[in-house]
Amino acid sequence: MNYLQPIQEAISNGIAALYQLEIPADEIRFDPTPPEFEGEYTYVVFPLLKASKKNPMQTAEELGQYLLEHQNSVARFNVVKGFLNISFKSDFWTSILYQLRTEQPWLSPARSGKKIVLEYCGPNTNKPLHLGHIRNMLLGYSISKIQAAAGNDVHRVNIYNDRGIAICKSMVAYQRKGNNATPTTTGTKGDHFVGHYYVTYSNLLDEEVRTLMAGGMSKEEAEKKAPVYLEAVRMLQQWEAGDPGTLELWQTMNGWVYEGFNQTFERLGVDFEKDYLESEHFSKGRDLVLKGLEKGYFFRKDDGSVWVDLTDKGLDEKVLLRSDGTSVYITQDIGVAHQRYLDYHMDVSAYVVANEQDYHFKVLKLVLEKLGEPYADGIHHLSYGMVDLPEGKMKSREGTVVDADDLMDEMEASSRSFLEQSDKQLDFSEAEKTTLYRQVGLAALKYFILRVDPKKRILFNPTESIDLQGNTGPFIQYTYARIKSVLSKLSDEPGGKMAAPDKDELDLIVTLSRYYATIQDASENWSPAEIANYIYTLARQFNKFYADHSVLHADTPEQKQLRIHLAHTTGAVLGHGLDLLGIEAPERM
RNA sequence: GGCCCCGUAGCUCAGUGGAUAGAGCAUCUGCCUUCUAAGCAGAUGGUCACACGUUCGAAUCGUGUCGGGGUCACCA
């Protein structure tokens, strides 16, 4: 919904009429006028100088004059150097505001008809989720909402890395030290319960390695010969051989993990339409690779391993099948990608995966292209930066991993203590308070993560709590709640004509009119940060307006009507924008 | 070493070729007897890592240098 299209057309026509230069209307760049100048939108005339053969001032004056004569909505203009600042008539803006409120165009985007399958989260099932997963999940969920809001048909899926040596390590440790304990008997969340045995494994390994090293063995050798490691390897072989006892233990422990994960997903507010299990697909890619080998896309080395040569694409040779014929990581991804296409026939297959796998996804896409898979072109790696601590990467062995559940606990606690320390009096029941602390704490966390450009790394300092004031999620929630509060006190609307907006009111309308385009941009760039920055700007402008404009006690009915439209539309956009970020908007706070 | 990403205020971040580079946090000053002070107004704070180039114009594009991170496994 581009409200400025008529103006762009008028400028385009003006340029053609004055200088015989054809610029399509939708290529007319048109930027909001900076606050220190008069006007709402600015057109830069420098690119026209060659055609106009006049200086910037004269060119801008001419074009401005043309607009004034040919475009009814233009009230006046001013020229500063090569900048043509255009002021529109008040009723141009108030009619846009009226349309925004009544039509809410962001709710009915043009249908793109594109089907997107978006995979995110992708956890291993041997330990609980951490802050890295949180960034992944928040990005994945928010992007899916944004793509849907931009008119795409979106399907959220998860992939579980539910097999392999890692889970076997937890299983071995559990066999040795578990004493048939369960999450229920110990009162432990399932994923943490299993994660505990992963730590137990590390401790057992350290002990045994120390013992072996005391006997004169090198560290590398000891790590390969430690009984607990050999047991884990044997466990993996038994799993692959389909040993019933091993499979049963595996299933039981994974079941506990899923139960724990589901609690975290629900609490964080994310969901999945379909789960893919690596254990069900890890061998399927092999057929595709062998088919590719037959057709000569790949080659076999003397030891029997299968490779793809990507040196012509500036990459390396990559192994696709081990010499013993078993699958490697990328082989599984080929299998899962194929299965996903059978399931969905999607146009775009997006993967939310950290940027440490940039290379992997380049290879995956090229391999699928070589295989002639119809969906290869639609592979999109949504690569995001990792979450770092002040001292660097999170390391589970050093216990510096920020646990997802702990972090959510802390955020709730900090929003609780914030509200308890304020002198705010809200007649909330205990249950309502609990809900509010959860909503506000999560909002702070989610906004903190989502407001930064996905491709940039995030620095998280565990000793400093995430802010609740300023450029934060709660700030936007608060603005929304204020608006709801005002509107709830409104007995009736005057209806009819709106007063001419003043500067603050105009700023709000201009910003509101850009929401639809902001969603399109965020969708094209796969960036929730663009939504976050937009709603922050909008909330800030509203609070500025709110500070010295009364809605309920406006001077005239026309003024009141204008402000009601403003409050209403701003509330709707803030609520919608928060929803795109996966953030709940409490009616009161 | 090859390839990829990043470098903007003390800190965390915006800024997709346009005007005198903006926010929040932190520090300091004001504003609750009027719709919620998780707010508003103001002050302080910049060699946009550095150099050269492209052009009317560069934080933004190109090349190079420096610094940080990632990756280049028959690990996942």
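All chains are named by letter (A, B, ...) in the order of the sequence lines, taking the proteins before the strands, and each is independently numbered beginning at 1.
A/Phe475 is linked by a ring pair (Phe, Tyr, Trp, His ring centres under 6.0 Å) to A/Tyr536, counting only residues two or more places apart in sequence or in another chain. With sequence neighbours excluded, no residue satisfies ring pair (Phe, Tyr, Trp, His ring centres under 6.0 Å) with A/Phe77. With sequence neighbours left out, A/His568 forms a ring pair (Phe, Tyr, Trp, His ring centres under 6.0 Å) with no residue at all. Partners of A/Pro390 according to the side-chain contact (heavy atoms from CB on, under 4.5 Å) rule, which considers only residues two or more places apart in sequence or in another chain, are A/Asn461, A/Pro462. Listed by chain and residue number, A/Lys189 satisfy the side-chain hydrogen bond (donor to acceptor under 3.5 Å, both in side chains) test with A/Asp191 (two or more places apart in sequence, or in another chain).
Relative orientation of the A/Tyr351 and A/Phe361 rings is tilted, given thresholds of 30° and 60° on the angle between their planes. Taking the six-membered ring where tryptophan is involved, the planes of A/His130 and A/His133 are tilted, since the angle between them lies from 30° to 60°.
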Distance-only donor-acceptor pairs under 3.5 Å for side chains of residues 280-289 of chain A, two or more places apart:
unit_1	atom_1	unit_2	atom_2	d
A/His281	ND1	A/Lys284	NZ	3.4
A/Arg286	NH1	A/Gly325	O	3.2

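Comparing the same atom, C1', in B/U27 and in B/G45 gives a spacing of 10 Å after rounding to whole Å. The C1' atoms of B/A19 and B/U12 are separated by 28 Å, rounded to the nearest whole Å. Using atom P as the reference point in both B/G39 and B/A26, the two lie 10 Å apart (nearest Å).
The distance between atom CG of A/Leu49 and atom P of B/U55, rounded to the nearest whole Å, is 16 Å. Remark: C1' of B/C56 and CZ of A/Phe83 are 11 Å apart, rounded to the nearest angstrom. The interatomic distance linking A/Phe361 (CZ) with B/A76 (C1') rounds to 12 Å, in whole Å.
The base of B/A19 does not come close enough to the side chain of A/Asp31 for any donor and acceptor atom to sit less than 3.5 Å apart.
Comparing A/Lys81 and A/Ser305 along RNA chain B, the residue whose closest nucleotide (by nearest heavy atom) sits nearer the 5' end is A/Lys81. Mapped onto RNA chain B by nearest heavy atom, A/Thr33 and A/Lys318 fall at different nucleotides, with A/Thr33 at the one closer to the 5' end.
Looking only at atom types and distance, the side chain of A/Arg322 has a donor-acceptor partner in the side chain of A/Thr326 under 3.5 Å away. Side-chain contact of A/Tyr276 with A/Glu119: a donor-acceptor pair under 3.5 Å is absent, judged by distance alone. Residues A/Tyr359 and A/Asp316 bring a donor and an acceptor atom of their side chains to less than 3.5 Å of each other.
Taking the syn range as angles within 90° of 0, the glycosidic angle of B/C35 is outside it, so the base is anti.
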_Protein within reach of the bases, or only the backbone? For nucleotides 1-6 of chain B, mark each nucleotide 5' to 3' as B, S or -, using heavy atoms under 4.0 Å._
---SSS
*How does protein contact run along nucleotides 34-45 of chain B, one letter per nucleotide 5' to 3', with B for base contact, S for sugar-phosphate only, - for none, heavy atoms under 4.0 Å?*
-BBSBSSS----
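Rounded to the nearest 0.5 Å, atoms CG (A/Leu236) and CD1 (A/Ile165) are 5.0 Å apart.
Sequence neighbours left out, not one pair with a member in residues 548-560 of chain A passes salt bridge (charged side-chain N to carboxylate O under 4.0 Å, His left out). Counting only residues at least two apart or in different chains, side chain to side chain donor-acceptor pair (under 3.5 Å) contacts with residues 471-484 of chain A comprise A/Tyr447-A/Asn471, A/Tyr478-A/Arg482, A/Thr479-A/Asn543, A/Tyr480-A/Glu587, A/Arg482-A/Asn543.
A/Asn461 comes within contact range of no nucleotide atom at all, as no heavy-atom separation falls under 4.0 Å. Contacts of A/Pro56 with the nucleic acid, taken as non-hydrogen atoms under 4.0 Å apart, are absent. The residue A/Val44 sits close to a base: some heavy atom pair falls under 4.0 Å.
For RNA chain B, the stems formed by at least three consecutive Watson-Crick or G-U pairs, with both atom-pair distances below 3.5 Å, span B:1-7 with B:66-72, B:10-13 with B:22-25, B:27-31 with B:39-43, B:49-53 with B:61-65.
A cation-pi arrangement is absent between A/Arg135 and A/Tyr384 under the rule of less than 6.0 angstrom and at most 45 degrees off the ring axis.
Using a 5.5 Å limit on the distance between ring centres and a 30° limit on the angle between planes, the aromatic ring of A/Tyr536 does not count as stacked on the six-membered base ring of B/A23.
Between A/Arg322 and B/A76 there is a side-chain N or O to OP1 or OP2 distance below 4.0 Å.
A heavy atom lying under 4.0 Å from RNA chain B marks the following residues of residues 326-337 of chain A, by number: A/Val328, A/Tyr329.
Checking B/A19, B/C56, B/A76 against the side-chain heavy atoms of A/Asn85 singles out B/A19 as nearest.
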